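Everything below concerns the one structure shown next.
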Amino acid sequence: MPDTYQNFRKTLLAGEASCRNVAEAYLNRARSRTDLNAFLQLFDESIQAAEKVDAKIRAGTQGKLAGLVLGVKDVIAMKDKRLTCGSKILGNFTSVYDATVIERLEQEDAVVIGKTNMDEFAMGSSTEYSAFGAVRNPVDTSRVPGGSSGGSAAAVAAGLCHAALGTDTGGSIRQPASFCGVVGLKPTYGRVSRYGLVAFASSFDVIGPFANSVYDVALLMEVIAGHDERDSTSADKPVPSYTSLLDRDAGKFKVGIAKEALSAGVADDVRQAVEKQINMLRSSGVEIKDVSIPHLDYTIPTYYILATAEASSNLERYDGARYGHRSGGVEELEDMYVDSRSEGFGPEVKRRIMLGTFVLSAGYYDAYYGKAQRVRRLIKRDFDDAFQNVDAIITPTAPTTAFKIGEKTSDPIQMYLSDIFTVSANLAGIPAVSLPVGRDSASLPIGLQLLGRQFEEDTILTLAHYIEQSLKS
Ligand code: GLN
């Protein structure tokens with residue numbers, strides 16, 4: 001069973017462990033699991049960084065994440081490290097600066113041991129669309145870990161690091177957390193700085209943590225959340241002490257069940273596992289109410305119009321001229337653009353760029369992009385209405401457990417549908433957490449999702465913690 005940082009910290013501060021040794025042990029374990037393909041790079045230098053944290057512990061000046069061994073999705077910039085985004089087009093690109101989240105984590109003495117694999121530019125639900133090969137699910141290596149942050153989820157589940165950072169544009173933290181049996185939080189849009197995050201769909205993207213416990217996720221949030229003047233969309237709101245709120249009485253919250261999310265299309269084992277937790281909450285005195293998200297059926301098409309539109313514009317910058325892959329042997333400027341992009345991008349990214357360009361084109365803009373923006377508003381309103389009556393909403397994280405490698409790559413729509421319960425949180429900008437609540441008949445992890453009001457991560461974390469603790473007893 002992979003260790004939590006909370007447990008490790010106790011032994012560390014009791015003088016029974018060292019950061020150096022733990023960093024080395026995790027690096028060795030990561031090297032012994034190259035079959036998973038979870039890491040794209042591992043940093044030997046992290047041993048020296050860990051030694052510095054040991055010195056701080058001796059001096060009593062260590063930060064709140066001292067010795068936390070971390071994996072970072074390779075779409076987040078780290079100074080002087082390669083930043084590939086899982087794409088050939090950035091295969092040799094090195095970042096010249098640190099993302100804000102990295103600065104904050106390192107200030108609190110977290111130790112980053114490597115960059116994790118991902119679907120190219122975070123487009124995908126299985127991490128099979130990485131230019132550097134698919135990631136395997138440590139629970140069953142014939143299956144996908146989910147995506148697009150599949151490397152981060154697999155690394156945490158396999159015990160190759162205490163925790164990891166992922167990003168979530170439509171489900172890319174929660175769905176892989178669910179498939180791999182770990183905890184993953186998508187914060188409120190704007191809660192965590194995006195400075196240093198390579199953009200996919202800027203009005204959806206958010207960075208968030210994976211870990212083996214709700215407590216660890218809450219602790220990481222305390223460090224990465226908060227205003228950053230380098231990201232104008234980051235919210236200037238105080239960050240609560242999430243960890244100290246976890247033990248509040250869960251009975252003071254009202255929880256909603258979205259009936260649309262427990263109907264047809266959800267695997268029986270998944271539905272039963274979620275219903276079991278709903279019954280557990282009810283019998284512990286939590287008030288359970290039915291709520292409705294009437295526009296749930298429109299979330300996937302709306303998301304795939306808006307996210308591809310934003311992506312087509314964000315990905316214009318990869319043209320072979322300024323950075324990244326440049327095709328050789330071309331004479332005309334136009335050929336350089338075309339060839340560099342044709343060679344550098346994989347098929348899913350090309351599909352999205354074409355779709356996004358189409359929905360933004362004159363003549364189709366109103367029918368697709370404009371309409372989708374209006375539907376986004378309606379979905380937001382569905383949640384506003386539901387949150388008048390409840391403090392959190394429960395759904396399965398995904399309709400199924402982890403599928404087989406290769407099962408959905410030939411049918412993009414089937415792949416897109418695995419995000420049916422996750423994309424709505426990104427459309428509405430609200431926080432959502434996935435936590436493991438059992439296994440199906442094939443022993444694959446099942447994830448339960450809790451959605452909350454904007455900036456009320458504390459509520460869903462408290463409820464998630466309550467469910468997690470009740471599963472232990
Ligand atoms: N699976 C969704 C997509 O392919 C979401 C990806 C994400 O959250 N980055 O777009």
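Both counts, for ligands and for their atoms, begin at 1 and track the order of listing. Bear in mind that the values here come from a model prediction, so they are computed numbers and not experimental data.
Between Asp319 and Arg341 there is no salt bridge, since no side-chain nitrogen of the basic residue lies less than 4.0 Å from a carboxylate oxygen of the acidic one. Between Lys380 and Asp384 there is a salt bridge, with a side-chain nitrogen of the basic residue lying less than 4.0 Å from a carboxylate oxygen of the acidic one. Using a 4.0 Å cut-off between charged nitrogen and carboxylate oxygen, Asp411 and Lys408 do not count as a salt-bridge pair. Remark: Lys79 does not engage Glu106 in a salt bridge, criterion side-chain N to carboxylate O under 4.0 Å. Looking at Asp168 and Arg174, a side-chain N of the basic residue comes within less than 4.0 Å of a carboxylate O on the acidic one, giving a salt bridge. For Arg104 and Glu108, the salt-bridge test fails: no basic side-chain N is under 4.0 Å from an acidic carboxylate O.
Considering backbone and side-chain N/O atoms, Phe200 never comes within less than 3.5 Å of an N/O atom of ligand 1. Any N or O atom pair closer than 3.5 Å counts here, and Thr169 shares at least one such pair with ligand 1. Between Arg352 and ligand 1, at least one N/O pair is under 3.5 Å apart. At least one N or O atom of Gly171, backbone or side chain, sits closer than 3.5 Å to an N or O atom of ligand 1.
Against a heavy-atom cut-off of under 4.0 Å, Tyr303 is close to the following atoms of ligand 1: 2 (C), 3 (C), 5 (C), 6 (C), 10 (O).
At a 4.0 Å heavy-atom cut-off, ligand 1 touches Ser148 through the side chain alone. Residue contacts with ligand 1, taken as heavy atom pairs separated by less than 4.0 Å, involve Asp419 solely via side-chain atoms from C-beta onward. Only side-chain heavy atoms of Tyr304 come within less than 4.0 Å of ligand 1; its backbone N, CA, C and O stay farther off. Neither the backbone nor the side chain of Lys186 has any atom closer than 4.0 Å to an atom of ligand 1 (non-hydrogen atoms only). Residue-level proximity to ligand 1 for Phe204 is absent, since no heavy atom of it falls below 4.0 angstrom.
Looking at Gly124, Gly146, Ser172, it is Ser172 that brings a heavy atom closest to atom 7 (C) of ligand 1.
Heavy atoms of other residues, nucleotides or ligands lying less than 6.0 angstrom from CZ of Arg29 number more than 12.
A side-chain donor from one of Ser202 and Asn314 sits under 3.5 Å from a side-chain acceptor of the other.
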